[in-house]
A.B. asks: 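Before we start, here is the structure in question, set down as structure tokens.
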Amino acid sequence: MILVTGATGTVGREVVTQLLASGKKVRAMTRNPAKARLDQRVELVRGDFDAPESLERAINGAEKIFSLTFGPKTGTHEGSLAAAAKKAGVRQIVKLSALGGDDELRNDIRKWHDEGEAAIRNTGVPLTVLRPTGFMSNALHWRESIRSAGKVFSNYGDGKLPCIHPRDIAAVAVRALTSDGHEDKAYTLTGPEALSVREQVGILADAMRRSIEYVVVTDDAARKGMMRAGMPGFLIDALIPFAEFVRSGRAAQVNRTVEEVTGRSAFTFRDWARDNASAFS
Ligand SMILES: NC(=O)c1ccc[n+]([C@@H]2O[C@H](COP(=O)([O-])OP(=O)(O)OC[C@H]3O[C@@H](n4cnc5c(N)ncnc54)[C@H](OP(=O)(O)O)[C@@H]3O)[C@@H](O)[C@H]2O)c1
């Protein structure tokens, strides 16, 4: 049985679906099983990274774990998870991390994940790390401004990012959890092409058969917008330097890891936009 944490979120939900499709038994961890809305075949377990005693219960009997957590406490969260996993004899943890820049710029998101990776490694439980670039699904944050004004505002300028479909991240996670040879590996994951927000907006407009205007804004305006949207300050502070990284052109590098690990091409933003156009109307 495989324990999936973050199972009700964007990536975790896909991991659950794909593990079930490959015939695996799945236990899904959530803070609120009543709201999980997962397939009936999934065993739900209540667990909270902020309540380490709940992790022991969630892990008991699991062979492998998909670990997904977020924020400044990532190191503590995954330290507790991995300690319980070690005690329970878990054979592998596949951790969702983040690319979060390069050697020159490692934003806070990447630093929190570095702490999580180190905390797991310290326990000796075999680890596979997935470091994706920005998710295609981040475009869902544009829903409100598209609906109300037909506009997308961004401080990424014309910098390009090879954003990735969450389904592809999940596909790599499932391969790592269900086939041999992925222990002690770290996979950097990108989508198949680097796109600017302007290009993404054009693709989304085609999929929605309407016009959408792209408006470049300053970091200051972006910060105010994120604050208005209720984003926590620690996340805003991590995202502003990442925008500078994107504008510099250094975030544009594409790789073929999804294809190499899964044996099929990575999904394009056009695929994502077609599947999700209705979410914007
Ligand atoms: N968005 C990007 O562009 C991007 C890029 C690279 C990496 N990442 C990484 O991707 C991860 C986010 O993935 P996602 O977008 O799939 O997540 P998400 O949709 O935001 O879902 C968050 C999940 O975490 C669970 N969760 C939240 N707090 C928890 C707690 N205290 N204890 C246990 N579970 C908790 C939630 O479950 P319940 O509410 O059901 O408990 C939910 O399933 C982060 O680690 C982020 O750094 C994101």
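We number each residue from 1, following the sequence as shown. Order of appearance sets the numbers: ligands from 1, and atoms from 1 within every ligand.
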A.B. asks: Walk me through whether Ser179 and His182 qualify under side-chain hydrogen bond (donor to acceptor under 3.5 Å, both in side chains).
C.D. replies: CA-CA 8 Å; Ser179 60; His182 302 284; 3.0 Å; yes

A.B. asks: For a 4.5 angstrom cut-off between non-hydrogen side-chain atoms, does Glu14 reach Val174?
C.D. replies: no

A.B. asks: Select all protein residues for which some heavy-atom-to-ligand 1 distance is less than 4.0 Å, and list them by chain and number.
C.D. replies: Gly6, Ala7, Thr8, Gly9, Thr10, Val11, Met29, Thr30, Arg31, Gly47, Asp48, Phe49, Asp50, Leu68, Thr69, Phe70, Leu96, Ser97, Ala98, Ile109, His113, Pro132, Thr133, Gly134, Phe135, Asn138

A.B. asks: According to the ring pair (Phe, Tyr, Trp, His ring centres under 6.0 Å) rule, which pairs have a member within residues 94-115, sequence neighbours left out?
C.D. replies: Phe70-Trp112, Trp112-Phe234

A.B. asks: Could you tell me whether Arg147 sits above the aromatic face of Phe280, with NZ or CZ closer than 6.0 angstrom to the six-membered ring centre and within 45 degrees of the axis?
C.D. replies: no

A.B. asks: Flag the pair Arg27 / Val4 as yes when at least one side-chain heavy-atom distance between them is below 4.5 Å, and no otherwise.
C.D. replies: no

A.B. asks: Is any side-chain heavy atom of Arg270 closer than 4.5 Å to one of Asp206?
C.D. replies: yes

